[in-house]
Colleague: 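Please see the structure below; I have some questions.
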Amino acid sequence: MLIATWNINSIRARETRLLDWLQSRQPDVLCIQELKAPEQEFPFESLQQYGYYAAVFGQKTYNGVAILARSEPEDVESGFGDDTDDVQARFIAATVDGVRILSTYVPNGERVRSEKYIYKINWLYRLRTYLKDHTLLTGPVAICGDLNIAPEERDIANPDAWEGSVLFNPDVRAEFRSLLSMGFMDTFRLHEAESGYYSWWDYRNRGFERNDGLRIDHILVSRELSPQCTAARIDREAREGEKPSDHAPVLAVFD
DNA sequence: ATGGTTGCTTAGCAA
């Protein structure tokens, strides 16, 4: 089973790229983030022609998440359902082939101590609460998505420049570790210990050409799944060429 | 410290 996650930065701007990528990589599951479109504008028909079902939680202009799968997603849940009045579409869950799949778009946070940053930290707390309340600490579970956290120095080309930012600071590192302490494993680090592997490169400083990036997109899996993870990688190739997303897809293979 | 680029939406926000 091949599980992947990709912040595509607009489903409409990236539809052709997405379809081409699905055809070449043939994942069983692809979690996508930043649709930047409501569900009515989601290309269900073309995805169906490529052999994929879709569970979609859309939103006009911002955010938006989905789970694409070759088998039909079951028990779809959009949002945390935690009686906050949150309107941001950043979370969808579904069961595919017996695995509970979570497609998450963690808030960026803008800058530390900003209102958006407080929302980010609180959102991560709500995610952990969701995991506990939905008995996702046991069983096969995969937390996939743009977590907007670089876990360690080796996940950043220039860690000194990023220390203290919303993507890399003691608070968000602790948030990431608390997911690990709940039993989840970072699939990429099960197979690769070296630095130099990133999933996001800022458009603004032409970071990709210099491989000046951060590893902020992740596939975290539960204790039940992690022993079956036989490979993990980042598809840097998908960041190349004309009009790429600023993120690359992250993949994990399971027996 | 600021701004650089991209996408959505059409001047400004978000990343």
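Numbers restart at 1 for each chain; the letters A, B, ... are given by sequence-line order, proteins then strands. When reading the values below, keep in mind they use all heavy atoms of this one structure, side chains included, and skip hydrogens, waters and symmetry mates.
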Colleague: Using atom C1' of each nucleotide, how far apart are B/dA14 and B/dG4 to the nearest Å?
Modeller: 15 Å

Colleague: Can you list, in residue-number order, the parts of residues 158-168 of chain A that come under 4.0 Å of DNA chain B, counting heavy atoms only?
Modeller: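 Heavy-atom cutoff 4.0 Å gives no residues at all.
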
Colleague: Angle between ring planes, A/Trp201 versus A/Phe208, binned at 30° and 60°: parallel, tilted or perpendicular?
Modeller: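 Correct class here is perpendicular.
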
Colleague: A/Glu34 or A/Arg111: which one's nearest nucleotide on DNA chain B is closer to the 5' end?
Modeller: A/Arg111

Colleague: Nearest-Å distance, CG (A/Asp246) to P (B/dA14)?
Modeller: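 Value for this atom pair: 16 Å.
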
Colleague: With a 4.0 Å cut-off on heavy atoms, is A/Arg90 in touch with a base, just the backbone sugar-phosphate, or nothing at all?
Modeller: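 The answer is sugar-phosphate, as A/Arg90 gets under 4.0 Å only of primed atoms, P, OP1 or OP2.
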
Colleague: From CD of A/Glu115 over to C1' of B/dA15, roughly how many Å is that when rounded to an integer?
Modeller: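 Result: 17 Å.
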
Colleague: Answer yes when A/Glu41 and A/Lys60 have at least one side-chain N-carboxylate O distance shorter than 4.0 Å, and no when they do not.
Modeller: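 A/Lys60 and A/Glu41: not salt-bridged.
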
Colleague: Which residue pairs pass the salt bridge (Lys or Arg N to Asp or Glu O under 4.0 Å) test with at least one member in residues 190-204 of chain A, sequence neighbours excluded?
Modeller: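 Found A/Asp202-A/Arg204.
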
Colleague: Can you measure A/Asn63 atom CG to B/dA14 atom P for me and round it to whole angstrom units?
Modeller: 10 Å

Colleague: Rounding to an integer number of angstrom, what distance separates B/dT6 and B/dA1 when you compare their P atoms?
Modeller: 26 Å

Colleague: Under 6.0 Å from the ring centre and within 45 degrees of the ring axis: does the NZ or CZ of A/Arg233 meet both conditions for the six-membered ring of A/Phe188?
Modeller: no

Colleague: Anything under 30° is parallel, anything over 60° is perpendicular, the rest tilted; go ahead and classify A/Trp123 against A/Phe80.
Modeller: tilted

Colleague: Taking A/Asp171 first and then A/Lys120, would you say they form a salt bridge - that is, a charged N and a carboxylate O separated by under 4.0 Å?
Modeller: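 No.
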
Colleague: How does protein contact run along nucleotides 3-12 of chain B, one letter per nucleotide 5' to 3', with B for base contact, S for sugar-phosphate only, - for none, heavy atoms under 4.0 Å?
Modeller: -BBSSSS---

Colleague: Considering non-hydrogen atoms only, spot the tightest contact between A/Arg126 and A/Asp82 and give its length.
Modeller: NE-OD2, 2.6 Å

Colleague: When rounded to the nearest Å, what value does the distance between P atoms of B/dG12 and B/dG3 take?
Modeller: 15 Å

Colleague: Using atom C1' in both nucleotides, what's the gap between B/dC8 and B/dT2 to the nearest angstrom?
Modeller: 24 Å

Colleague: Under 4.0 Å between a side-chain nitrogen and a carboxylate oxygen: does that hold for A/Asp146 and A/Arg90?
Modeller: no

Colleague: Testing the 3.5 Å rule here: is there a donor-acceptor pair between the side chains of A/Asp255 and A/Gln228?
Modeller: no

Colleague: Using a 4.0 Å heavy-atom cut-off across all strands, classify A/Tyr105 as base, sugar-phosphate, or nothing.
Modeller: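 It contacts sugar-phosphate atoms only.
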
